[in-house]
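Comments concern the structure below.
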Amino acid sequence: MDSLFSAHAHAGLRPAACRFLVAASLAIPNAGGIRAADPPLTLDAARHLAAERSRRLTGQDALVAAARQRATAATRLPDPTLRLGVNNLPVTGAERFSLTQDFMTMRSVGVAQEFTREEKRKARQTRFEREADAVTATQVAARAEIDREVALAWFERHFAETRRTLLLRQREEARLQIEATEALLRGARGSTADVLAARSQVEQLNDRLAEADQRVATATNALSRWAGPAATGPLASPPAFDALPFTDEGLRDRLEHHPQLAALTKQVDVARAQAEIARTERRADWSLELMYSQRGSAYSNMVSVNVSIPLQWNRKDRQDRELAAELSTLDALTAEREEAARAHEAEIREMLLERQSKLDRRRRYDATLLPLAQDRTRAALAAYRAGTGSLVAALDARRNEIEVQLERLQLERDVALLWARLNYLVPAGHDAPLPNR
């Protein structure tokens, strides 16, 4: 690097300026996350940890099991009813409160059974099965949401750490700038104003680093909410996020597997099954009762058989209205599902457009803005070597290059977050149900 200096440079300036320009002449490497001996936390590992720690998914497992149990119970007939009674017990006269003296007094024991029609039991079973399916679909939607939130938190921490690394480099170069300006001042080639400006810049960078530290802490805390203690360790390299798992032409198919739409579809199925139950209620069930009645020893015992059939004498204002209400609910849920599909499609297309814009801007930074900033730095260094430019101009050019790098990093972060939102619209396996955990 001594070749960067011209022969006419003052000897007092050379040590400090040399250290700075060595750092300034290096290309900015791709910043990464924290490196440590601990195994780095990958995005996939964070997602799996979040799924294992989720009590929400565990609770939904229990709801699925509950619905399956109700579906099995719905296929069975109601429990029989045991009936005990005393009929025609005298309460006045010489035979009052006697169970055996009056020939009309009977001690009865009977069993009654309601015979729910198989069609109705099958409809109830189907309704609970659809409810289990709806909870499973909600569970898939919850898993997709967890994947999405974990990915967003993971990338937020990754880019917060990357930004902090770049700011640390910038502060180090600003400190070197102080040394360079102080050396210039000692060599009677600089000014006190340059030294004060350099020190002010370091303090400003200290403030930006304090903000960067807070961002890293906040992002780490957000990731810990999902991945637990593992979130405080180092992060692995980010996954490739330039490509999406679907094209614009495949958006419709992707929407068919959208977990929230799938959950709404299952809710429509539940409403349809509930309407079918209401339809079966238009035909009444009947019950059978068998009773044995014992009288006094001088009298014969008796057996009674009773059949009960509800009289649906006002079906149009009761059963038919119940059915109409369930069908209206079905129509409402169907409309809600269609509206949600349109909203999700519009939201996804908006994210695709935003992502494309960010990608175009990132390419512009790579093709034009970053090379221009680097060329400016090289030109300023060349002018300084030739004695036609100032060191401060070279330092300013380098600082501008780092600012452009930070702006490019922000675009990279935006692209990664959009990828996370689009990539994890559905969990791994698309519309496949979650395995038993």
Any donor-acceptor pair under 3.5 Å from Ser287 side chain to Gln113 backbone: no

Just one of Gln319, Arg315, Arg321 clears the side-chain contact (heavy atoms from CB on, under 4.5 Å) bar with Asp317, so which one? Arg321

Would you check if Leu167 and Leu406 make a side-chain contact, meaning some heavy-atom pair closer than 4.5 Å? yes

Rounded to the nearest 0.5 Å, the CG atom of Leu152 sits from the CG atom of Asp147 at a distance of 11.0 Å

Treating Thr329 as the side-chain partner and Ala325 as the backbone partner, does any N or O pair qualify as donor plus acceptor under 3.5 Å? yes

All N/O donor-acceptor pairs, side-chain side in residues 216-228, below 3.5 Å, sequence neighbours left out:
unit_1, atom_1, unit_2, atom_2, d
Thr218, OG1, Gln214, O, 2.9
Thr218, OG1, Gln214, NE2, 2.8
Thr220, OG1, Val216, O, 2.8
Ser224, OG, Thr220, O, 2.8

Which heavy-atom pair separates Leu41 from Ala46 by the least distance, and what is that distance? CD1-N, 3.9 Å

Would the distance check show the side chain of Arg355 and the main-chain N or O of Asp242 forming a donor-acceptor pair, the cut-off being under 3.5 Å? yes

For residues Asp44 and Arg47, determine if any side-chain heavy atom of one lies less than 4.5 Å from a side-chain heavy atom of the other. yes

With a 3.5 Å distance limit and no angle check, can you tell me whether Trp154 reaches the backbone of Leu235 through a side-chain donor-acceptor pair? no

Separation of Gln374 CD from Leu369 CG (nearest 0.5 Å): 11.0 Å

Does this structure show an ion pair linking Asp133 with Arg68, if we count only N-O contacts that are shorter than 4.0 Å? yes

When you measure from the side chain of Gln139 to the backbone N and O of Leu57, does any donor-acceptor pair fall under 3.5 Å? yes

Looking at Arg283 and Arg117, would you say the former's side chain and the latter's main chain have a donor-acceptor pair under 3.5 Å? no

Review item, side-chain donor-acceptor pairs of residues 267-280, under 3.5 Å, at least two apart:
unit_1, atom_1, unit_2, atom_2, d
Asp269, OD1, Arg272, NH1, 3.0
Gln274, OE1, Arg127, NE, 2.9
Glu276, OE1, Arg279, NE, 3.4
Thr280, OG1, Ile277, O, 2.6

Approximate separation, where rounding is to 0.5 Å, of Leu409 CG and Arg362 CZ: 11.5 Å

Parallel, tilted or perpendicular: which describes the rings of His158 and Phe155, with under 30° parallel and over 60° perpendicular? perpendicular

Would the distance check show the side chain of Trp419 and the main-chain N or O of Ala243 forming a donor-acceptor pair, the cut-off being under 3.5 Å? yes

So Arg408 and Asp366, do their side chains get closer than 4.5 Å, heavy atoms only? yes

Counting N and O atoms only, with roles assigned by atom type, does the side chain of Arg121 sit under 3.5 Å from a partner on the main chain of Thr116, one being a donor and the other an acceptor? yes

Quick one, Arg163 and Arg208 - any side-chain contact, counting heavy atoms below 4.5 Å? yes

Evaluate side-chain contact (heavy atoms from CB on, under 4.5 Å) for Leu359 paired with Arg363, printing each intermediate quantity in order. CA-CA 6 Å; Leu359 288 173; Arg363 280 192 289 268; 4.1 Å; yes

Partner residues of Arg83 under the salt bridge (Lys or Arg N to Asp or Glu O under 4.0 Å) criterion, sequence neighbours left out: Glu289

Scanning both residues in full, the closest heavy-atom pair of Tyr424 with Arg148 reads O-NH1, 2.8 Å

Do the side chains of Phe241 and Glu412 get nearer than 4.5 Å, heavy atoms only? yes

Donor-acceptor check, side chain of Asn306 to backbone of Leu290, threshold 3.5 angstrom: yes or no? no

Atom of Asn301, atom of Arg295 and distance for their closest heavy-atom approach: OD1-N, 3.1 Å

Do Glu336 and Leu264 make a side-chain contact, defined as non-hydrogen atoms from C-beta onward lying under 4.5 Å apart? yes

Can you tell me how far CG of Leu422 sits from CG of Leu417, rounded to the nearest 0.5 angstrom? 11.0 Å

Hey, is Arg157 close enough to Glu161 for a salt bridge, meaning N to O under 4.0 Å? yes

Pick one: which of Gln294, Met291, Met302 meets side-chain contact (heavy atoms from CB on, under 4.5 Å) with Met106? Met302

Apply salt bridge (charged side-chain N to carboxylate O under 4.0 Å, His left out) to residues Glu322 and Arg318 and explain how you reach the verdict. CA-CA 6 Å; Glu322 288 289 340; Arg318 292 200 57 197; over 6 Å; no

May I ask you to decide if Leu353's main-chain N or O and Ser357's side chain share a donor-acceptor pair within less than 3.5 Å? no

Glu156 and Arg413 ion-paired at < 4.0 Å: yes

Could you pull out the closest heavy-atom pair between Leu89 and Thr105, with the gap in Å? CA-OG1, 4.0 Å

Might you point out which heavy atoms bring Ala71 and Gln125 nearest each other, and give the distance in Å? O-CG, 3.4 Å

Could you give the distance from CG (Asp79) to OG1 (Thr81), rounded to the nearest 0.5 Å? 8.0 Å

Check this for me: Leu82, atom CG, are more than 12 non-hydrogen atoms of other residues, nucleotides or ligands nearer than 6.0 Å? yes

Please tell me if the side chains of Leu77 and Glu114 come closer than 4.5 Å, counting only heavy atoms from C-beta onward. no

Value for OG1 (Thr75) from CZ (Arg124), rounded to nearest 0.5 Å, stands at 11.5 Å

Please give me the minimum heavy-atom distance between Leu209 and Arg164, naming the atom from each residue. CD2-O, 3.8 Å

Arg175, Glu401, Gln405, Glu403 screened by side-chain hydrogen bond (donor to acceptor under 3.5 Å, both in side chains) with Gln170, the one that passes: Glu403

Is there side-chain contact between Leu352 and Glu354, with at least one heavy-atom pair below 4.5 Å? no

